A.B. asks: 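Let me begin by handing over the structure; questions about it come next.
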Protein chains: 2
Amino acid sequence: MTRARKAVLDALRSAEEPLSAAGVIARIGDICDQATVYRALSYLEETGSAESFVLHCARDGTERYYIAAGERHHHWFHCESCHRFIDLGVCRLGRLCDQLEREFDVRVTEHTLYFSGLCGDCRK
Amino acid sequence: MTRARKAVLDALRSAEEPLSAAGVIARIGDICDQATVYRALSYLEETGSAESFVLHCARDGTERYYIAAGERHHHWFHCESCHRFIDLGVCRLGRLCDQLEREFDVRVTEHTLYFSGLCGDCRK
DNA sequence: CGCCGTTTTGCAAGTGATTCGCAGAACAAG
DNA sequence: CTTGTTCTGCGAATCACTTGCAAAACGGCG
């Protein structure tokens, strides 16, 4: 693993929430170029060390967010007010996926799911 | 409802699947300008006549897809081979949303969910 | 119907996120 | 150390989408 890729993976691991490319660059942009960050993120995803999803948020626009891959994949809640993410724990769609595969005769290889709204703090 | 907006809404209604802005423009680009299509899509979504989600696909890249709003919102399956969408029927996440709201003390105002993989035809 | 203030449109240029081309740097194997 | 391969930085390009602005369409109302 090269220096740049390691730095990107470390950034993802130490973040407690999904990071956009811009987020990664904000953290380690001094270590390597933004093109390198993008390439490293693609590489990490291709090799299974990271996962990503595309999320649109009013403040930051549409960006792809990355997370270091863990044992099992998680889903996230995004607060539209403070723009933090809350980890909703491991995926609960296993049964639904199976059911849909049977019901619609498809092979589901991946799914994208996230929730947005207001977190407890911002709702008060 | 203006001519352009009506044309865009008709395009969404007559499509049996989510359309990207490019898809709409392919259908009615001769009637109005692409900027108008984008503006009309935003307008339709703001006023509740359409819904959208952002999907990434290997062939077409990352685009926002729109559907004419029906009684209840649906979720979709996207085939990575023929790039067609399959309507998976109305949302089945009601219970899960409620549960997550209680479990994590959040207010879920919207969610994004779609599945990708291979459809029955392409799997053969 | 004609006038006037508001909205919408077309066109062209601008943004923001992401990707690419290319030449030099870092590596890996022998 | 040499050589072939992979990775990086830098700058330019691309893609999806947005905006500024002037002309066109619309909506009331006298």
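By convention in this document, chain letters (A, B, ...) are assigned in the order of the sequence lines, proteins followed by strands, and residues within each chain are numbered from 1. In this text the structure is predicted, and so the values were computed from the model without any measurement.
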A.B. asks: Measuring only between side-chain heavy atoms, which start at C-beta, is B/Arg84 closer than 4.5 Å to B/Asp121?
C.D. replies: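 Yes. Closest side-chain heavy atoms under 4.5 Å.
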A.B. asks: Going by the angle between their ring planes, with limits at 30° and 60°, are A/Phe85 and A/Trp76 parallel, tilted or perpendicular?
C.D. replies: perpendicular
A.B. asks: If we only count heavy atoms from C-beta on, is the A/Thr62 to A/Leu55 side-chain gap below 4.5 Å?
C.D. replies: no
A.B. asks: Salt bridge or not for B/Arg72 and B/Glu51, using N-O below 4.0 Å?
C.D. replies: no
A.B. asks: A/Arg5 CZ to D/dT6 C1': how many Å, rounded?
C.D. replies: 8 Å
A.B. asks: Should B/Val108 and A/Phe77 count as side-chain neighbours, where that means a heavy-atom distance under 4.5 Å?
C.D. replies: yes
A.B. asks: Please report, rounded to the nearest Å, how far the P atom of D/dT8 is from the CD1 atom of A/Ile28.
C.D. replies: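 In whole Å, D/dT8 P lies 10 Å from A/Ile28 CD1.
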A.B. asks: With a 4.5 Å heavy-atom cut-off, do B/Met1 and B/Leu9 have their side chains touching?
C.D. replies: yes
A.B. asks: Is B/Arg64 positioned over the aromatic face of B/Phe53, cation under 6.0 angstrom from the ring centre and no more than 45 degrees off axis?
C.D. replies: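 No, cation not above the ring by the 6.0 Å, 45° rule.
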A.B. asks: To the nearest angstrom, how far is B/Leu55 atom CG from D/dC15 atom P?
C.D. replies: 19 Å
A.B. asks: Considering only heavy atoms from C-beta outward, does the side chain of A/Tyr114 approach that of B/His111 to under 4.5 Å?
C.D. replies: no
A.B. asks: Is there a side-chain contact between A/Leu41 and A/Leu12 in this structure, where contact means two heavy atoms from C-beta onward sitting under 4.5 Å apart?
C.D. replies: yes
A.B. asks: Roughly how bent is the helix from C/dC1-D/dG30 to C/dG30-D/dC1 end to end, in steps of 10 degrees, with each end axis from five pairs?
C.D. replies: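 For the helix from C/dC1-D/dG30 to C/dG30-D/dC1, the axes at either end differ by 30°.
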A.B. asks: Can you give me the first and the last nucleotide of DNA chain C (5' to 3') that has an atom within less than 4.0 angstrom of a non-hydrogen atom in chain A?
C.D. replies: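 From 5' to 3', the first and last contacting nucleotides are C/dA17 to C/dG21.
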A.B. asks: What's the verdict on side-chain hydrogen bond (donor to acceptor under 3.5 Å, both in side chains) for A/His78 and A/His56, showing C-alpha distance, side-chain angles and the deciding distance?
C.D. replies: CA-CA 10 Å; A/His78 178 249; A/His56 175 85; over 6 Å; no
A.B. asks: Using a 4.0 Å heavy-atom cut-off across all strands, classify A/Ile25 as base, sugar-phosphate, or nothing.
C.D. replies: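 No contact.
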A.B. asks: Check nucleotides 18-28 of chain D against the protein and report each pair of N or O atoms closer than 3.5 Å, with its distance, or say if there are none.
C.D. replies:
unit_1	atom_1	unit_2	atom_2	d
D/dG20	O6	B/Arg39	NH1	3.4

A.B. asks: To the nearest Å, how far apart are A/Glu46 CD and D/dC7 P?
C.D. replies: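 From A/Glu46 CD to D/dC7 P: 11 Å.
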A.B. asks: Which is true for B/Ile31 with a 4.0 Å heavy-atom rule: it touches a base, it touches only sugar-phosphate, or it touches nothing?
C.D. replies: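 Answer is sugar-phosphate: B/Ile31 comes under 4.0 Å of backbone atoms only.
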A.B. asks: Return the value, rounded to whole Å, for the distance between atom CZ of A/Arg64 and atom C1' of D/dC15.
C.D. replies: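 Computing the A/Arg64:CZ to D/dC15:C1' distance gives 14 Å.
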A.B. asks: Any base atoms under 4.0 Å from A/Thr62, or only sugar-phosphate, or nothing? Heavy atoms, all strands.
C.D. replies: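 Here A/Thr62 touches the backbone only, sparing every base.
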A.B. asks: What nucleic acid atoms does A/Ala22 come within less than 4.0 Å of, heavy atoms only: base, sugar-phosphate, or nothing?
C.D. replies: nothing
A.B. asks: Step by step, work out the side-chain hydrogen bond (donor to acceptor under 3.5 Å, both in side chains) result for B/Ser116 and A/Glu110.
C.D. replies: CA-CA 5 Å; B/Ser116 321; A/Glu110 59 178 304; 5.1 Å; no
